[in-house]
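Numbers for residues simply follow the sequence, beginning at 1. This one's a predicted model, so the numbers in the text were calculated from it and none came from an experiment.
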Amino acid sequence: MLFKKDEKSKYDFLSWKAFFSLLFLMFFSLILFILIIPYILEQIFPSYASFVSSVHFRTLLSFPSLFLNFYFIYYFICKRRRKTLKEGFFFIPVSKEIYLKSLAVGILMPLLSAP
């Protein structure tokens, strides 16, 4: 029922197979860029092992992982269904009233919850 489209819904949900494929690919890209590539680079370039194992290098490697994950999401949500990016991610124009209300809530909530 979670991934089924009903009569009243205008949203086109992912199938179970596509959902789990997407999760697997995202997890694999994370493992690839965070664990496997630094390990291979440490073996190839032992003189740079301290740099490759540093937090800064792993942070730099997280950016290609993020871009790859975004492409996976784009592929499963937009490209396979032949939708544009705007249609696939439901980017719809927001009225100024809703924008100002959400901006006010975003500013007021941290101020009201301050100790």
J.: Distance from Leu112 atom CG to Ile107 atom CD1, nearest 0.5 Å?
T.: 11.5 Å
J.: Work out which heavy atom in Phe63 is nearest to a heavy atom in Thr59; give both atom names and the distance.
T.: CD1-O, 3.5 Å
J.: Would a 4.5 Å heavy-atom cut-off, applied to side chains only, mark Tyr39 and Leu35 as touching?
T.: no
J.: What closest approach, in Å, do Phe57 and Phe51 show between heavy atoms, and which atom pair accounts for it?
T.: CB-O, 3.2 Å
J.: What's the spacing between Phe24 CZ and Ser29 OG if we round to 0.5 Å?
T.: 10.5 Å
J.: Just wondering, more than 12 heavy atoms not from Glu97 lying within 6.0 Å of its CD?
T.: no
J.: Could you state whether Ile36 and Val52 fall into the same hydrophobic cluster, counting links through intermediate Ile, Leu, Val, Met, Phe, Trp or Tyr residues with side-chain heavy atoms under 4.5 angstrom apart?
T.: yes
J.: Please determine whether side chain to side chain contact (heavy atoms under 4.5 Å, CB included) holds for the pair Ile73 and Met26, giving the CA-CA distance in whole Å, both sets of side-chain angles, and the decisive distance to 0.1 Å.
T.: CA-CA 9 Å; Ile73 292 170; Met26 291 175 70; 4.0 Å; yes
J.: If we only count heavy atoms from C-beta on, is the Leu25 to Tyr75 side-chain gap below 4.5 Å?
T.: no
J.: Could you state the interatomic distance from CG (Leu32) to CD1 (Ile37), rounded to the nearest 0.5 Å?
T.: 4.0 Å
J.: Parallel under 30°, tilted from 30 to 60°, perpendicular over 60°: which one fits the rings of Trp16 and Phe20?
T.: parallel
J.: Apply side chain to side chain contact (heavy atoms under 4.5 Å, CB included) to Leu66 and Phe70, showing your working.
T.: CA-CA 6 Å; Leu66 288 172; Phe70 178 75; over 6 Å; no
J.: What are the two closest non-hydrogen atoms of Glu42 and Ser53, and how far apart are they?
T.: OE2-CB, 3.3 Å
J.: Inspect the surroundings of CZ in Phe76 and state if more than 12 heavy atoms from other residues, nucleotides or ligands are less than 6.0 Å away.
T.: yes
J.: Can Leu41 be reached from Ile31 by stepping across I, L, V, M, F, W or Y side chains whose heavy atoms are under 4.5 Å apart?
T.: yes
J.: Would you sort out whether Asn69 and Phe72 count as a side chain to side chain contact (heavy atoms under 4.5 Å, CB included), showing the intermediate values?
T.: CA-CA 5 Å; Asn69 285 338; Phe72 290 149; 3.9 Å; yes
J.: Are Tyr48 and Ile40 linked, directly or through other ILVMFWY residues, by side chains that come within less than 4.5 angstrom of each other?
T.: yes
J.: Can you check whether Pro38 reaches Leu61 side chain to side chain, under 4.5 Å on heavy atoms?
T.: yes
J.: Angle class for the Tyr71/Tyr74 ring planes (parallel below 30°, perpendicular above 60°, tilted otherwise)?
T.: tilted
